[in-house]
Amino acid sequence: MEIVFADRLQKLPPYLFAKLEELTAKKRAEGADIIDFGIGDPDLPTPEPIIRAMQEAAVPQENHTYSSSAGEKYLRQAVADFYKKRFSVDVDPDKEVCVTIGSKEAIANICKAFVNAGEKVISPDPAYPVYANGAALLSDAEAVKVPLRVEDGFLLDVNECPTDAKMLYANYPNNPTGATCDVSYLKGVMEWCSDNGTIFCYDNAYSEMCFDDYMAPSALEAGRDVIEFGSLSKTFNMTGYRVGYAVGDETLVAGLKKVKSQIDSGVPKFIQKAAADALGLYEGKKLPKEISGNMAIYEDRRTVLVNGLRELGYDVPMPKATFYVWFDCGMDSMKFTEKMLEHGIVVTPGVGFGDAGEGFVRIALTQPRERIEEALERMRS
Ligand SMILES: Cc1ncc(COP(=O)(O)O)c(C=O)c1O
């Protein structure tokens, strides 16, 4: 029997990084010293108190059973407390919060809840590919890509968006550009969405990865017509734990819960306990001391890398948030990436995040300072 992928799978774009991964593996096999700035997976450890909380929670039998797919009350309450302390926003832990298996699944599943086949979903370009692929295309919807432009500070311009879309994704602090926004920008996007009957999905996965004096806002500070996705992955170096949250409009959260109840059985309870303890480290708006040390390390790496690239003649903005440095590499981004790989340096070509990312390159700050200096030295020579 010939087995054929469903049309929706066939519509997914080809995996652009396959060739690069193959080249990297070949280099590694040849014994090359590879400095990998590719994926956004923190190299720093999860803070000790969170690991301990998970270890302790792993023992009692009551934590070995199914969770509700919407998450245990203690974690939903911890998310609500975090929103109150960090953003001065009140949310109802029963109706306006859903625990998620990392934010990725929720970003994809929200589309299943509200978007019908053929309806339009707005995704920025460049962007985290899940909006257009995992969300829109796998829900049989039409992904409409709207370019982010350097001259607009990579802020999505709603005036360029179709007014008949069912859903819009926006993400600040932004992957891959490192761009940030303020509450008044979010108010504008929310108003535009409300006026056009478009559901506003705000991806705030990097809200806590801020540098200098910048503090990323929540879209809920702008109003309630939104569902916002957050994650413990980057904030607490917990990518592998798979835990996040969705917060916002009661109906939007209810739709997400309904989809999830038919697909997954929640985050393991011992992970939820650790996540509740992690969010409980916040005493106010400021980063808790358990993670501020890690952020200081990323900040130092960012400064070293950006200054080094500037010395090499590149025009590189100093990102105020995220652990990504995004810059115009002055040539075809895939060619630049291959050239870097010849010197054992792995970066991500901007075109992998969408056509509008062409000409740019993303470097993830997931290597120690010495390795960043080593990479700069290799580029210099
Ligand atoms: C913009 C953005 N949103 C969401 C995620 C998903 O993170 P997680 O599923 O680990 O919460 C990522 C991961 O890299 C991301 O870059």
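Just follow the structure's listing: the first ligand is 1, and inside any ligand the first atom is 1.
- Linking ILVMFWY side-chain heavy atoms closer than 4.5 Å, directly or via other members, places Ile101 and Ile263 in two distinct hydrophobic clusters.
- Tyr172 has its ring centre less than 6.0 Å from the ring centre of Tyr185.
- When heavy-atom distances to ligand 1 are checked against 4.0 Å, the residues falling inside are Gly102, Ser103, Lys104, Ile107, Tyr128, Tyr131, Asn171, Asn175, Asp203, Ala205, Tyr206, Ser231, Ser233, Lys234, Arg242, ordered by chain and number.
- Under the ring pair (Phe, Tyr, Trp, His ring centres under 6.0 Å) rule, Tyr131 has a single partner from Phe353, Tyr169, Tyr202, which is Tyr169.
- The ring of Tyr324 has its center closer than 6.0 angstrom to the ring center of Tyr206.
- Within the structure, no pair that satisfies the salt bridge (charged side-chain N to carboxylate O under 4.0 Å, His left out) test touches residues 227-249, not counting sequence neighbours.
- Side-chain rings of Tyr214 and Phe211 stay apart, their centers remaining 6.0 Å or farther from each other.
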